[in-house]
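First the structure, in the form of structure tokens, and then the observations on it.
Here, residue 1 is the first one in the sequence, and each next residue gets the next number.
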Amino acid sequence: MLIRQLPNAITITNLIFGFLSISSSFVGHYQNAAIFILIGMMLDSMDGWLARKLNAETAFGKEMDSLADIITFGVAPAILIFGTTFASMGMIGMLITGMFPVFGAIRLARFNIDEETSVKRYFTGVPITAAGGIIALLTLFSFAVPEAALSAVYTLLCVLMVSRLKIPSLKGIPIPKYAILTTLLLISLLYVTRFNASIEYSNWIIFAIILYFVYMIIHFVLKKKRINTK
């Protein structure tokens, strides 16, 4: 019974990291806030897969996942980009950043009522997890990304979340290829966090990367075993 609650525990942990990101933004630790969002992104990719493997998918878990996502990948990135980019605009900046969680909530609501989503090889509109992760990643590389470019990407992501654009799902990508893409991303992230003295929680992202690699290895082994038994 406790094992079947593990997906919900991961979802709650994702929510906690969303709160940590918001708290970090409030005190001006923006790169720490970005790291917490990226850790939440890794956790978010685990809970649904684990629930399916444990045959523990429930309506409660689905709703909890959506609530966690709107905090970690909607509210947290909005507060992050407000502090780094739009704070000087005052109330106008608040209204602009407020659109991100609004559009993200619309995206999540549409996803939840789409019964065919689980069998499709594409998403309709950019998932809020990806959108929030992109904002966090760009913040980490803010030394090389102009504010104007970040503002443009932010606006574009808001529109893409509620668009009817078909986005290929990573479910259709073979695990080895997906692992290569993820590895390249995480290596670049690791480089930034380890060699930037202003990031206090760089060891957290190292632990998260190791945990994520373990998850991908288990995923690959189980998938290969399932294919061989057919």
Quick check on the hydrophobic clustering: are [X] and [Y] connected, directly or via other members, by side-chain heavy-atom contacts under 4.5 Å?
X	Y	answer
V27	I22	no
I135	F19	no
I39	I12	yes
V102	V159	no
F73	F26	yes

Minimum heavy-atom separation for [X] and [Y], please, with both atom names.
X	Y	value
P101	A78	CD-CB, 3.7 Å
I128	M161	CA-SD, 3.9 Å
A34	A136	CB-O, 3.3 Å
F103	C158	CD1-O, 3.1 Å
V126	R107	O-NE, 3.3 Å

Side chain of R110, backbone of V162: donor and acceptor closer than 3.5 Å?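 Indeed, once roles are kept as given, a pair shorter than 3.5 Å links the two residues.
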Does S151 reach the main-chain N or O of E147 with its side chain, forming a donor-acceptor pair under 3.5 Å?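 Judged by distance alone, yes, a pair lies under 3.5 Å.
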For the atom pair [atom1] ([X]) and [atom2] ([Y]), what is the distance rounded to the nearest 0.5 Å?
X	Y	atom1	atom2	answer
H29	L20	NE2	CG	13.0 Å
F36	S25	CZ	OG	10.0 Å
I71	I16	CD1	CD1	13.0 Å
T11	L43	OG1	CG	9.0 Å
T85	Y30	OG1	OH	9.5 Å
M89	T97	CE	OG1	9.5 Å

Tell me, do [X] and [Y] make a side-chain contact under 4.5 Å, heavy atoms counted?
X	Y	result
F17	I37	no
N8	F60	yes
D44	D65	yes
L15	L67	no

With respect to T139, which candidate in L80, I134, L38 satisfies the side-chain contact (heavy atoms from CB on, under 4.5 Å) definition?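 Testing T139 for a side-chain contact (heavy atoms from CB on, under 4.5 Å) against L80, I134, L38 leaves exactly one candidate, L80.
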Tell me, please, which residues at least two apart from T72 pass side-chain hydrogen bond (donor to acceptor under 3.5 Å, both in side chains).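 Expected list: N14.
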Within a radius of less than 6.0 Å around CZ of F82, do more than 12 heavy atoms belonging to other residues, nucleotides or ligands occur?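 Counting neighbours around CZ of F82, more than 12 heavy atoms of other residues, nucleotides or ligands fall under 6.0 Å, so yes.
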Residues forming a ring pair (Phe, Tyr, Trp, His ring centres under 6.0 Å) with Y154, sequence neighbours excluded: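 By the ring pair (Phe, Tyr, Trp, His ring centres under 6.0 Å) rule, Y154 matches F86, F100.
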